[in-house]
Number of protein chains: 2
Amino acid sequence: MTDKKIRNMEDFAAVSGISRPTVSKYFNDPQSVRKSTRARIEEALEKYDYRPNIYAINQNRRQTKNIGLVVPNLADPFFAGIARSIEALIVDAGFSPLLLSSHGGPEQELANLESLRAIKPAGVLLAPLGRASDIDQVKKFTTEIPTVLFDANLDNVGEAFFGCDNTQTIDLIVDYLCRSGEPPVLFEMENPVNPNAFRKRSAYVDAMTRLSHEPHFIRVSGDGWDFEEIGYREGKRVILQNLLPTRTVLCSNDRLAIGFLAAAFECGEKVGLGPDCTLRVAGHDDHPFARYTCPGLTTISQDYASITARSVETILRIIESGERPETREASYFEGRLVMRGSA
Amino acid sequence: MTDKKIRNMEDFAAVSGISRPTVSKYFNDPQSVRKSTRARIEEALEKYDYRPNIYAINQNRRQTKNIGLVVPNLADPFFAGIARSIEALIVDAGFSPLLLSSHGGPEQELANLESLRAIKPAGVLLAPLGRASDIDQVKKFTTEIPTVLFDANLDNVGEAFFGCDNTQTIDLIVDYLCRSGEPPVLFEMENPVNPNAFRKRSAYVDAMTRLSHEPHFIRVSGDGWDFEEIGYREGKRVILQNLLPTRTVLCSNDRLAIGFLAAAFECGEKVGLGPDCTLRVAGHDDHPFARYTCPGLTTISQDYASITARSVETILRIIESGERPETREASYFEGRLVMRGSA
DNA sequence: AACAAAACTTTACGCGCGTCAATTTTTTAA
DNA sequence: TTAAAAAATTGACGCGCGTAAAGTTTTGTT
């Protein structure tokens, strides 16, 4: 590394022996210049410490190479995992991801979109809060910047949606639970923030009806995203007050189930499949911690490899084509049953 | 909102009836202009949709208003929580946080620092991987951009460090465990990535010695950051093979403990304090899930409110003073014991 | 009312790069 | 060998804003 100070592309072009416009071309796409030219530039890059000024680049380009990524709650490892996966795909495509978490609040979600406006991203991948979102404002944002939704759908917002086929997954797990023991009661939030909860609810009713069982619900109250706490508190209540209509509990998501399992443990229930077990518990989503609950949580694993891949592909296609698709695509991917000890 | 297109600050200055340099001054600090001027600008802001171009701003300012925030692993809810807390403090100070996760790998950590170089942040808050870090490269980065370390210290890297006083916390929990039952064995990684593990190790030896007990170790092998998996696998091994020198296990961190508890459960051990219990387990860090293990995990809660606050304060002071401090500060904050059912 | 200080306006330059048009050089194909 | 095509060079403009200097207006004080 030579010490000579390279202040800008002009300086760098000088030391590399190539003209500045060509160097500029190289940085926009190394393949767009002749091989011998590329070699000379890369040789200079080895010797001198130069990096194009990203602010000058973005000021002058029609479009930035940024892609916004907004998730509802990074403190939930499920979303942290998805974010990581998406970030990798974005980087592979030569774009820069910008990760923002809404921390479960609609104000933060809007603040995140506002931050994104400032950096003028070429596109945005958004997992919205759901019912809690300020839908009008989110929709307005998506008219300004191409946006693909994932995880939670908002009617007619964004260019596309990719998520889990909750009908299929609930069907799958209800079927399994009925086959292997008592039919399940659905343990869910009274006022779920996530619109998927509604799909799950009706999928549960359909599945139970199909199997000639009566659907039962336990609807618990609670605000915010502290699902483990809600699952624990309300789980304890329903167990102690003997409010369970059946000894098989299907929790609407794993985080509720994790709290519920903690409550069951404290109440002396023996959760599992064995003949001496008093309770079965299942969840949904295959949370990273679901395998370390006591016992391990039987749950549904979302096909989030497909969800993330298709989401990224779609936003990239929109960006590269430069035009919004005429019809809004919505795809729901099938999940699979993950059997562990709890049910 | 009027429709007239505002393309830049010049246009906006025109419609607000204020000169462009004054408008520029306003956006840099609204308090720096006369109240009546401020009112006219803000009135125009209500009527017209204008936002200064952040790329043009950052190209021309001496310093950006960006602060980088790098954590070792966002999939760990402990760091997700810390990141959220730090982000809020940065925003309150009028800066823009940029959150990056190293995903447990030194390559990603360096890639993150490289990304940060591109955006020329005014300062960086870095929780390094620790022993796994490419320390020379990290150190080089900190000479270019003011950096404050937190969580894991690297000798003489960065302007300051803020973290947990592991000597005090280990002392506290060893003391408690010895008082309330059998002295603990330390369950830890053979080759820990986190340098805090070494402090914990020697703090454990000191505390045990002081209390006239012989220190015992269980050192388990395993790579990467999948601590629950390691705790589970190795926990199962040591329990089944009867390798525990004592029935009280102090895990080096909560994630190991979560895995260990799952293993203990599967092996039919009854963890807790009761007379019929066969094992006690404690952790360290007060992981967000520690209260939902079965039983709840007795652990140490780090004072991360102080750690985050002091880290942010320090980087802001360095940024605002414009000069690096002459001496490197390193502060260790005391943690407190969180008693739950497991020990 | 007079004056100094503070705030604002006008004018102008520069930041680092994208990009264009006109020209020259190099490569490829016939 | 030569013409055509491709690539690089030269020179120049513009992006949107920070910021400086010099002059003008407003404000606050006595």
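Chain A is the first sequence line, chain B the second, and so forth, proteins listed ahead of strands; every chain is numbered from 1. Being a predicted model, the structure only gives us computed values, none of them experimental.
- For the pair A:Tyr55 OH and C:dG14 C1', the interatomic distance rounds to 19 Å; values are reported in whole Å.
- Counted by atom type alone, A:Asp303 and A:Ser306 present one or more donor-acceptor pairs between their side chains at under 3.5 Å.
- Taking the six-membered ring for Trp and the full ring otherwise, B:Tyr332 and B:Phe161 have centroids separated by under 6.0 Å.
- The phosphate of C:dC8 (OP1 or OP2) has no side-chain N or O of B:Thr22 nearer than 4.0 angstrom.
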Tabulate below the donor-acceptor pairs under 3.5 Å that side-chain atoms of residues 77-92 of chain A make, not counting sequence neighbours, or state none.
unit_1	atom_1	unit_2	atom_2	d
A:Ser85	OG	A:Thr308	OG1	3.3

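- Rounded to whole angstrom, the span from the CZ atom of B:Arg38 across to the P atom of C:dA7 amounts to 11 Å.
- A 6.0 Å sphere centred on CD of B:Glu10 holds no more than 12 heavy atoms belonging to other residues, nucleotides or ligands.
- Axis angle between the ends of the helix from C:dA1-D:dT30 to C:dA30-D:dT1, five pairs each and rounded to 10 degrees, works out to 10°.
- In this structure, the CD1 atom of A:Ile18 is 10 Å from the P atom of D:dT10, given to the nearest Å.
- Listed pair A:Ser19 / D:dT9 meets the phosphate criterion, a side-chain N or O lying under 4.0 Å from OP1 or OP2.
- Between B:Tyr304 and B:Phe333, the gap from one ring centroid to the other reaches at least 6.0 Å.
- In this structure B:Tyr50 satisfies the ring-ring contact (aromatic ring centres under 6.0 Å, His included) test together with B:Phe12, B:Phe27, sequence neighbours excluded.
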Which atom pairs, donor and acceptor, lie under 3.5 Å between side-chain atoms of residues 121-128 of chain B and protein residues at least two apart or in another chain?
none

- line: Readout for nucleotides 16-28 of chain D: B = base within 4.0 Å of protein heavy atom, S = sugar-phosphate only, - = neither; 5' to 3' it is BBBBB------S-
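- Atom CG in A:Asp29 sits about 12 Å away from atom P in C:dT19, given to the nearest Å.
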Result block: side-chain N/O donor-acceptor pairs under 3.5 angstrom for residues 62-69 of chain A, not counting sequence neighbours:
unit_1	atom_1	unit_2	atom_2	d
A:Thr64	OG1	A:Asn66	N	3.3
A:Thr64	OG1	A:Lys120	O	2.7
A:Asn66	ND2	B:Tyr55	OH	2.9

